[in-house]
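Step one of this worksheet: look at the structure below.
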Amino acid sequence: MGAVGEKPRLIDESGRRIDGRRPDELRPIEMEVGVLKNADGSALVKFGDTWVLAAVYGPREAVPKHMTLPERAVIRCRYRMLSFSTHERKSPAPSRREVELSKVIREALEPAVLTELYPRTTIDIFIEVLNAHGGTRTAGVTAASLALADAGIPMRDLVAGVAVGKVDGVIVLDINEIEDMYGEADMPVAAMPGLGRITLLQLNGVLSPNEFRTGLKMAMEGIRRIYEMQKKVLRQKYAVIEEE
Ligand code: ADP
């Protein structure tokens, strides 16, 4: 999104951000899996005021059949922002941004899924942004990865994501909408921390090589924390089922 209105001060005298966080602090994160009864897997993830719901169906027989592949499952992904998820009503018609983000998110998840185990099938991932306040693509990747695991789909590793940015010259973790709008740069990153593999890296704005390195390191540390939360929430759910 482009900047609108007068730019607010993003870092105060004590080095705190507009929402009171320190530069390397994540927003309060909540995660829940298995929230939808009719999907094979689902997850609700909240990064502060960014709320994202993910649902997964499959692996299932594909319609139309010509869209399948003989050697692996095809992953389809649809990212959408609900009309009430933004300040001004978002048109329900799919925007170019939503089409692009659907592709970016699919590509961030594909390396994690053992698609070769399910030839001639499709795995459908639906991501609905319930409330948008910055970092919806990385919250979307985090939620979809949990939903895939909740659907029992074998994965090499979980994928977690977070966006870092540069605001008033400071590199900060997990940028919110105001920081995204008025900051100098934003860089969404997603990775499979267990395998040390980055699956999404975009950069909007300008960073020096040093800032880039600092930002990437900060993102990877944030991703590691998010990944631990993902594992915990999955463990909690499946430990309860085992007990039952
Ligand atoms: P991301 O959500 O992954 O950070 P962007 O950088 O494109 O992706 O968007 C930043 C933020 O701007 C979003 O999280 C959302 O809060 C806001 N935003 C994006 N698109 C719209 C839109 N069409 N209407 C209102 N707000 C939007």
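All ligand and atom numbering here is 1-based and tracks the order in the structure.
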Arg97 contact mode with ligand 1 (heavy-atom cut-off under 4.0 Å): side chain

Heavy-atom gap His133 to ligand 1 smaller than 4.0 Å: yes

Heteroatom proximity flag, Gly135 to ligand 1, N/O under 3.5 Å: yes

For Ala144, all residues meeting side chain to side chain contact (heavy atoms under 4.5 Å, CB included), sequence neighbours excluded: Ala54, Leu109, Ile125, Ile127

Selection from Ser85, Gly134, Ala132 by shortest heavy-atom distance to atom 14 (O) of ligand 1: Gly134

Residues that, via side-chain heavy atoms closer than 4.5 angstrom, fall in one hydrophobic cluster with Leu117: Leu114, Tyr118

Crowding at CD, Glu30 (>12 non-hydrogen neighbours, <6.0 Å): no

Residue-ligand contact Ala163/ligand 1, heavy atom below 4.0 Å: no

Least distance between heavy atoms, Ile11 atom then Arg17 atom: CD1-CG, 3.8 Å

Polar contact flag for Tyr79 and ligand 1 (N/O pairs, less than 3.5 Å): no

Interfacing atoms of ligand 1 (cut-off 4.0 Å, heavy-atom, Glu177): 12 (O), 15 (C), 16 (O), 17 (C)

Crowding at CZ, Arg60 (>12 non-hydrogen neighbours, <6.0 Å): yes

More than 12 heavy atoms from other groups under 6.0 Å of CD on Glu61: no

Which segment of Thr136 sits under 4.0 Å of ligand 1 when only heavy atoms are counted: both

Backbone or side-chain N or O of Leu101 under 3.5 Å from ligand 1 N or O: no

Ligand-residue contact atoms, ligand 1 with Asp180, heavy atoms, under 4.0 Å: 4 (O), 6 (O), 10 (C)

Cluster overlap Met155 with Phe126, hydrophobic side-chain contacts below 4.5 Å: no

